2 protein chains.
Amino acid sequence: MDSVREKILDSAGRVFAERGYKSATIRQICQAAEANVAAVNYYFGDKQQLYLETVKQAHRRLSTQFPLPPWAQDASPESKLKGFIRAMLARMIGGKATPWEQQLMLREVLHPTSACRELVEEYFRPQLELLLSIISELLPSDTAAHRRRQAAFSIIGQCLFYRIAGDIVDMMAAADDEHHFTIEQLADHITQFSLAAISNTSPFDDRDNNARQSTSIA
Amino acid sequence: MDSVREKILDSAGRVFAERGYKSATIRQICQAAEANVAAVNYYFGDKQQLYLETVKQAHRRLSTQFPLPPWAQDASPESKLKGFIRAMLARMIGGKATPWEQQLMLREVLHPTSACRELVEEYFRPQLELLLSIISELLPSDTAAHRRRQAAFSIIGQCLFYRIAGDIVDMMAAADDEHHFTIEQLADHITQFSLAAISNTSPFDDRDNNARQSTSIA
DNA sequence: AAATGATTAAAACAACTGTTTAAAACAAGT
DNA sequence: ACTTGTTTTAAACAGTTGTTTTAATCATTT
């Protein structure tokens, strides 16, 4: 059931993810798919539309392959947070050889194209909402919305870092630990770090608008 | 004193930063520099060497334009941390229109080329070491090296996030707050978040190697 | 078996790529 | 004014790009 169209779509995903839109060539894609160059235009019209279809399919695959974790109600918010963080790390740096779907998404995050708006609404925003709901359980109920969101971004940022700067981290760590960078250990650290930060958040210390620089320090 | 060579170097920086190595064309660069196409080969040999020179120059400019903050000894570690975070944020998202030097560096982080190793040793590592020295003042002296490094990565990750996902964040925040994303306010939050996390770190709770998943939660 | 429509294949297209060439323009020293 | 060495220019080169064309192949129906 892997028709030519589907094989091209799959190869295109890998090539686009690895080389980016401009650098990826139709001939590379078709060679990987064992198809003729003209097949792309026959099935998709042109390169641009092929790319859009590829991004859509990446979104579809990720949504089914890594659905939002379901342990929503019974568990403690702490364990939910850890589950969320672990799932996020697994998606991002799982299997060492990161799936092309995730790579493509990252490219869209970095340099949004016309395919991005849909991704935000259907993929990123639901994840953020889930994380926010977990965080809300851990913070005083009167915490301002923007402070919850900043906490969420702090958590996401920690996870994203190892995806973004993984190669650099390896260069810096070099010869040192190395074995401290498994997903499980990273999840441990980020969860512990973030829980400590959140539980230590003083709700009265809301410097909110117009932060004075002269007030300084923390 | 902006000779043809220097004008090409400057234009190349902007074009490489915006379009990437492969997609940037010599004709684009030379047109922006008001020079002949042959000038690149005359002064730099070929495209690859021009790129290497460009990265080196970006490193040089950043190092002089944004030197490592000097308030190293007198201040409290908390204020030092905040200063570091603010400087890092300013470098990354300062001026709204990010300078091409920083964009180029980020490209090297994401997809390291042969120019990367030098950047790591001369630019990234010194910054990491400085951050680690600040963190060490805030943690028990018997804290393992890899835990300090993970704390550092958690802080850097939080800053990097707004650089990486800035466009997406804007898309999500949309119509909502907006004015909560100034550098000063981000620095406030990240500093507060990280200090809370660090000061709440229990040094005895070192799950170190072979983390059991069954032990679960935090 | 013939005919119809969908699919594949090879070749060609014009535009663009990095790079080279060979001659012109320029500057400075004699 | 002539020479020498450096810089700039326009043109051309060979290779690659996305896309199109035209004919061949395949599967299905009549």
Side-chain angles (χ1 to χ4, degrees), chain A residues 1-58 100 103-104 107-108 110-116, chain B residues 1-58 100 103-104 107-108 110-116:
Chain A
M1 229 275 225
D2 50 338
S3 63
V4 174
R5 203 192 115 100
E6 294 174 48
K7 284 211 294 186
I8 288 181
L9 212 46
D10 189 77
S11 299
R14 295 175 211 284
V15 178
F16 279 136
E18 183 174 334
R19 331 236 331 171
Y21 176 77
K22 188 76 189 299
S23 296
T25 76
I26 291 185
R27 283 175 173 83
Q28 280 175 355
I29 293 170
C30 288
Q31 187 175 355
E34 292 168 330
N36 190 276
V37 269
V40 161
N41 292 54
Y42 181 76
Y43 285 107
F44 300 94
D46 60 3
K47 189 184 182 184
Q48 177 76 18
Q49 293 177 58
L50 169 61
Y51 178 75
L52 291 182
E53 282 305 313
T54 305
V55 174
K56 282 185 188 173
Q57 200 215 16
W100 60 264
Q103 272 181 269
L104 250 192
R107 279 194 185 274
E108 280 294 319
L110 228 42
H111 289 109
T113 72
S114 54
C116 195
Chain B
M1 228 276 217
D2 49 340
S3 62
V4 174
R5 201 192 117 101
E6 293 174 49
K7 282 210 295 184
I8 288 181
L9 212 47
D10 189 77
S11 299
R14 295 175 210 283
V15 178
F16 279 136
E18 182 173 335
R19 330 234 334 170
Y21 176 76
K22 189 74 190 301
S23 297
T25 77
I26 292 185
R27 284 176 174 84
Q28 280 174 356
I29 294 170
C30 288
Q31 186 175 355
E34 293 168 331
N36 190 278
V37 269
V40 162
N41 292 58
Y42 180 77
Y43 285 107
F44 299 95
D46 60 3
K47 188 184 180 182
Q48 177 75 19
Q49 293 177 59
L50 169 60
Y51 179 75
L52 291 181
E53 281 306 313
T54 304
V55 173
K56 281 184 188 173
Q57 200 215 16
W100 61 264
Q103 271 181 271
L104 249 192
R107 279 194 185 274
E108 279 295 319
L110 230 41
H111 290 110
T113 73
S114 54
C116 195

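Quick note on labels: first sequence line is chain A, next is B, and so on, each numbered from 1. As the structure is a prediction and not an experimental result, all values here were calculated from the model. These numbers come from the heavy atoms of this one structure, side chains and all, not from hydrogens, waters or symmetry mates.
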Trainee: Of the candidate nucleotides dA6(C), dA12(C), dG18(C), which contains the atom at the shortest distance from the side chain of Thr25(B)?
Mentor: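 Selected nucleotide: dG18(C).
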Trainee: Nearest whole angstrom, please: distance from the C1' of dA11(C) to the CG of Asn41(A).
Mentor: 15 Å
Trainee: I would like to know whether Lys7(A) and Glu34(A) meet side chain to side chain contact (heavy atoms under 4.5 Å, CB included); could you show each step before the answer?
Mentor: CA-CA 8 Å; Lys7(A) 284 211 294 186; Glu34(A) 292 168 330; 3.4 Å; yes
Trainee: Name the nucleic acid region contacted by Val4(B), choosing base, sugar-phosphate or nothing; use a 4.0 angstrom heavy-atom cut-off, strictly under.
Mentor: sugar-phosphate
Trainee: Which nucleotide in the set dT7(C), dG18(C), dT19(D) lies at the smallest distance from any side-chain heavy atom of Arg27(B)?
Mentor: dG18(C)
Trainee: So, is Tyr43(A) close to the dT8(C) phosphate, meaning a side-chain N or O under 4.0 Å from OP1 or OP2?
Mentor: yes
Trainee: Distance check needed: dT9(D) P versus Ile8(B) CD1, whole Å only.
Mentor: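 Nearest whole value for this atom pair: 10 Å.
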Trainee: Report the relative orientation of the aromatic rings in Phe16(A) and Tyr21(A); use parallel for angles under 30°, tilted for 30 to 60°, perpendicular for over 60°.
Mentor: parallel
Trainee: Nearest whole angstrom, please: distance from the P of dG18(C) to the OH of Tyr51(B).
Mentor: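 That distance rounds to 15 Å.
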Trainee: Nearest to the Tyr42(B) side chain among dT6(D), dG18(C), dT19(D), which nucleotide is it?
Mentor: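 Out of dT6(D), dG18(C), dT19(D), the nucleotide with an atom closest to Tyr42(B)'s side chain is dT6(D).
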Trainee: Lys47(B) has an atom NZ; how far is it from atom C1' of dT16(D), in whole Å?
Mentor: 13 Å
Trainee: Do side-chain atoms of Arg107(A) reach the backbone of Ala17(A) as a donor and acceptor pair under 3.5 angstrom?
Mentor: yes
Trainee: Calculate the interatomic distance between Ile29(A) atom CD1 and dT16(D) atom P; express it in whole Å.
Mentor: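 Rounded to the whole Å, the gap is 17 Å.
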Trainee: Taking side-chain contact (heavy atoms from CB on, under 4.5 Å) as the criterion, tell me which of Asp10(A), Leu50(A), Thr54(A) meets it with Ile29(A).
Mentor: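 Among Asp10(A), Leu50(A), Thr54(A), the one that satisfies the side-chain contact (heavy atoms from CB on, under 4.5 Å) with Ile29(A) is Leu50(A).
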Trainee: What is the separation between atom CD1 on Ile26(B) and atom C1' on dT20(C), rounded to the nearest whole Å?
Mentor: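 Between C1' of dT20(C) and CD1 of Ile26(B): 12 Å.
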Trainee: Base, sugar-phosphate alone, or nothing: which one does Ala38(A) contact when heavy atoms must sit under 4.0 Å apart?
Mentor: base
Trainee: Which is more 5' along DNA chain C, the nucleotide nearest Arg5(A) or the one nearest Val37(A)? Just name the residue.
Mentor: Arg5(A)
Trainee: Can you tell me how far P of dG18(C) sits from OH of Tyr21(B), to the nearest Å?
Mentor: 8 Å
Trainee: Given dT8(D), is OP1 or OP2 found less than 4.0 Å from the side-chain N or O atoms of Asn36(B)?
Mentor: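 So the side-chain polar atoms of Asn36(B) never come under 4.0 Å of the phosphate oxygens OP1 or OP2 of dT8(D).
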Trainee: For Val4(B) and Tyr42(B), run side chain to side chain contact (heavy atoms under 4.5 Å, CB included): C-alpha distance rounded to whole Å, both residues' side-chain angles, the deciding distance at 0.1 Å, then the answer.
Mentor: CA-CA 11 Å; Val4(B) 174; Tyr42(B) 180 77; over 6 Å; no
Trainee: Classify Phe44(A) by what it touches in the nucleic acid, base, sugar-phosphate, or nothing, heavy-atom distance under 4.0 Å.
Mentor: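 Result for Phe44(A) = nothing.
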Trainee: In whole angstrom, what separates Asp46(B)'s CG from dT20(C)'s P?
Mentor: 8 Å
